[in-house]
Protein chains: 2
Amino acid sequence: MSSTPTEILIDLSTAILRQHNERLECRLVGEATPARAKRLPFGPFMPHQHRTMEIGLRHWVREQVGVDLAHVEQLYTFADQGRHASEEAAHIVSVGYLALTRTHEARTPEDTPPAPDDGDWEDLYTFFPWEDWRQGRPEMLDGQILPALDKWLEKDTQAADRVRLAFGRDGAQWDEEFVLERYELLYEAALVEEALIDQDAKGAPRPQPVLGRALHLDHRRILATALGRLRSKLKYRPVIFDLMPSGFTLRALQNTTEMVMGVNLHQQNFRRLVEKSGFLIATGKTQRARGRPAEVFRLRHNERTERPLSGLRVSTGRPKPSGK
Amino acid sequence: MSSTPTEILIDLSTAILRQHNERLECRLVGEATPARAKRLPFGPFMPHQHRTMEIGLRHWVREQVGVDLAHVEQLYTFADQGRHASEEAAHIVSVGYLALTRTHEARTPEDTPPAPDDGDWEDLYTFFPWEDWRQGRPEMLDGQILPALDKWLEKDTQAADRVRLAFGRDGAQWDEEFVLERYELLYEAALVEEALIDQDAKGAPRPQPVLGRALHLDHRRILATALGRLRSKLKYRPVIFDLMPSGFTLRALQNTTEMVMGVNLHQQNFRRLVEKSGFLIATGKTQRARGRPAEVFRLRHNERTERPLSGLRVSTGRPKPSGK
DNA sequence: GTAGTTATGCTCATTTTGAGTATAAATAGA
DNA sequence: TCTATTTATACTCAAAATGAGCATAACTAC
């Protein structure tokens, strides 16, 4: 293509998440065709225009995607596009970002519907159905994933311990933060479509179940990194509020937390945790729905800078004592 | 220099840490001259030779630096070299890495001295003296840093809250993980040499105290990121063992932890914590020095893959109840 | 021996956490 | 209007984790 020895392009790919319609949603671009899956919003990094990558990113996200980002965080820089067909022009290094945004809130109950961001937002868990434990342990785990992994392990016995840890078998706990580790294992075991594409561009016969919806190139890997990082970060930094509107009930906060963590939490203890954290201030207003009206809270000082940013130490239950 | 619109080079800079001589040490390269400070070990990323950046990194580290890396972790990708004089040839994006390595252990007490890695290893805290609280709160904080920051805040009052949080004032706790935040503030307030260099290449009169030793370009920023990440990661993943030799006493483990965290820990509680974690197995051997001989432990299964990798939830003390 | 030093064992009061039960305040339908 | 249902909020209680210290063991140095 070019004669320069290493022509490198930097591509900023961003997992933009929001909470909307009782779902954790991710913004996508492009049309899904049989040949090409959708992809994350992206833009090139242009060192001459933007001093830092984050500035560049915020810029084209606002232009192309039309949302204002609350929290922005660099995730990881992937250079091994070689794991995909390297027909692409130059070498592309993609820097993955996680961004959180708030849905616009209706000011009054009768206000315009929540400004249905015209973009293409999809439920995050369509890409990682095995990560959503809110309805209990997903059946696909015991029904499809673990059997298929076991079959794979017969050949590659090396990975047995990684599988055990990532998928919480044999006394190991399911750790909801290991999103990336699980996805990578499924990729290696050729249980996700991206692996099949990479292995063999010509439609080879698909073995095994093909799990979750695919994305362009390694974008699902970036998305997995994003979810894992967000789940992890929730516990020690107050990022959850960047997914919330300015006023919200504790139940809404809990719902959002549960969406992100992929598990259900104990309501009374969640309340205790949040109240003790001191992040919130009651507004005095209430919001009514079906049962008893709920108090509306807002962030203290409208800012997160107030206290030792400890985050919500949400816990997903104590490990059951195994044998011994 | 070149006519291509965006010629980008990727530079892998690595903070390689080890524990040696009762110190937490960092590997440096280059000679310090008045014009140029030392720098972190680095190498270019060559997409044609190495499939992933980490592979490339491990390769040239072994060649040039001559150490085997235990833990390797990508930290952050910095593109704003523009914050430095952009006379440099092309645009350089530097990907920062954190790597941990073990010092070679003498097999018997009379063995060859611990293979004094011929490289240039320096005490990490010469670059961040304010981060070491093992001898108590560093005097330079109240003596130099905070007064200078206050003076700076008179002009830029915006940053007051960031300073409060990062440096733990007005009831905020000192959070040992905020290494980067503190360094960035010192940079912005022009209290570190790198800031003076960037602002004005020609030796302008140095105001203020100049804190800690400087490094090339933004390498001290990478190092700050490394220390912060390591301090944070200790608490939830068992990375500390990648700094330890194969057999060690609990006191040695505690010393290493204290070096990293920059604080002293309660010995008995540390022991309880480690024992409960189940990471270690007593070898039956003991190691004698001055007082009662200490038992030598080693990692379980010689691997970290055993259990829910919870890390050592080291605590640095409960926040003192302030007013109310 | 004896003093000093370090490792290890154990106790104890608090705090945090997981898991309930109980009560309050609304809606929806008979 | 009454009643069942739903949701929010308040409290309780036992178990586990945590912070701090005392006590003892097993050495070295003199």
Side-chain angles (χ1 to χ4, degrees), chain A residues 22 109 173-174 176 234-236 247-258 261 263-278 280-297 308 310-322 324, chain B residues 22 109 173 176 234-236 247-258 261 263-297 308 310-322 324:
Chain A
E22 315 280 288
Q173 289 289 125
W174 177 276
E176 62 281 339
L234 270 202
K235 292 179 185 155
Y236 60 98
F248 50 85
T249 65
L250 290 187
R251 182 72 233 188
L253 183 67
Q254 181 176 345
N255 282 336
T256 305
T257 308
E258 289 176 340
M261 299 303 291
V263 292
N264 291 322
L265 304 171
H266 183 282
Q267 184 165 17
Q268 297 93 317
N269 290 349
F270 183 80
R271 160 175 290 268
R272 178 175 65 188
L273 186 75
V274 173
E275 282 180 335
K276 204 187 40 181
S277 81
L280 298 187
I281 292 181
T283 60
K285 296 172 199 158
T286 60
Q287 182 178 301
R288 50 184 38 179
R290 198 104 69 95
R292 173 173 170 175
E295 179 132 40
V296 176
F297 291 82
S310 36
L312 301 174
R313 278 275 224 73
V314 285
S315 155
T316 57
R318 211 167 262 161
K320 309 130 203 162
S322 54
K324 154 91 204 205
Chain B
E22 314 282 289
Q173 290 288 125
E176 62 280 340
L234 270 201
K235 292 180 185 153
Y236 60 98
F248 49 85
T249 64
L250 289 187
R251 183 71 233 186
L253 183 67
Q254 182 176 345
N255 282 336
T256 306
T257 309
E258 289 176 340
M261 298 304 291
V263 293
N264 291 322
L265 304 172
H266 184 281
Q267 185 166 15
Q268 296 94 317
N269 290 348
F270 182 80
R271 160 174 290 269
R272 177 175 65 188
L273 187 74
V274 173
E275 282 180 337
K276 203 187 38 181
S277 80
F279 284 124
L280 298 187
I281 292 181
T283 61
K285 296 173 199 156
T286 59
Q287 182 177 300
R288 50 187 36 182
R290 198 104 70 93
R292 171 173 173 176
E295 178 131 41
V296 176
F297 291 82
S310 36
L312 302 174
R313 278 273 225 75
V314 284
S315 156
T316 57
R318 212 166 261 164
K320 310 130 204 163
S322 53
K324 154 102 202 204

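Chain letters run A, B, ... following the sequence lines, proteins first, then strands; residues in each count from 1.
- As rounded to whole Å, 17 Å separates atom P of dT6(C) from atom CG of Leu265(B).
- Note that CG of Leu250(A) is 14.0 Å distant from CZ of Arg272(A), once rounded to the nearest 0.5 Å.
- Within residues 285-297 of chain A, the residues approaching DNA chain C are Arg288(A), Ala289(A), Arg290(A), Gly291(A), Arg292(A), Pro293(A), by heavy-atom distance under 4.0 Å.
- Two residues are said to be in side-chain contact when any heavy atoms from C-beta on lie closer than 4.5 Å; Gln254(B) and Arg251(B) meet this criterion.
- Asn264(B) has its CG atom 14 Å from the P atom of dT6(C), to the nearest Å.
- The side-chain heavy atoms of Val274(A) and Phe297(A), taken from C-beta on, include no pair separated by under 4.5 Å.
- The interatomic distance linking His266(A) (NE2) with dC11(D) (P) rounds to 16 Å, in whole Å.
- Taking atom CG on Leu250(A) and atom P on dA24(C), their separation rounds to 20 Å, with Å as the unit.
- In this structure, Asn269(A) places its CG atom 10 Å from C1' of dT16(C), rounding to the nearest Å.
- Side-chain nitrogen and oxygen atoms of Lys276(B) include none within less than 4.0 Å of the OP1 or OP2 phosphate oxygen of dA16(D).
- When heavy atoms are screened at a 4.0 angstrom cut-off, Arg251(B) is found touching the sugar-phosphate backbone but no base atom.
- Here the CG-NE2 distance, from Leu273(B) to His266(B), works out to 12.5 Å after rounding to the nearest 0.5 Å.
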Only distances under 3.5 Å count here; give the side-chain donor-acceptor pairs of residues 279-288 of chain B to other protein atoms, sequence neighbours excluded, each with its distance to 0.1 Å.
unit_1: Thr283(B); atom_1: OG1; unit_2: Lys285(B); atom_2: N; d: 3.2
unit_1: Thr283(B); atom_1: OG1; unit_2: Val296(B); atom_2: O; d: 2.7

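- Below the 3.5 angstrom threshold, one finds a donor paired with an acceptor across the side chain of Arg272(A) and the base of dG18(C).
- For Glu295(A), the salt bridge (Lys or Arg N to Asp or Glu O under 4.0 Å) test picks out no residue, with sequence neighbours left out.
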Verify side-chain contact (heavy atoms from CB on, under 4.5 Å) between Met261(A) and Lys235(A), making sure each step is shown before the conclusion.
-> CA-CA 10 Å; Met261(A) 299 303 291; Lys235(A) 292 179 185 155; 3.6 Å; yes
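- With hydrogens and angles ignored, a donor-acceptor pair closer than 3.5 Å exists between the side chain of Gln268(A) and the base of dT21(C).
- Taking atom CZ of Phe270(B) as the reference point, atom C1' of dA7(C) lies 14 Å away to the nearest angstrom.
- Residue Gln267(B) contributes atom CD, which lies 15 Å from atom C1' of dC10(C) at whole-angstrom precision.
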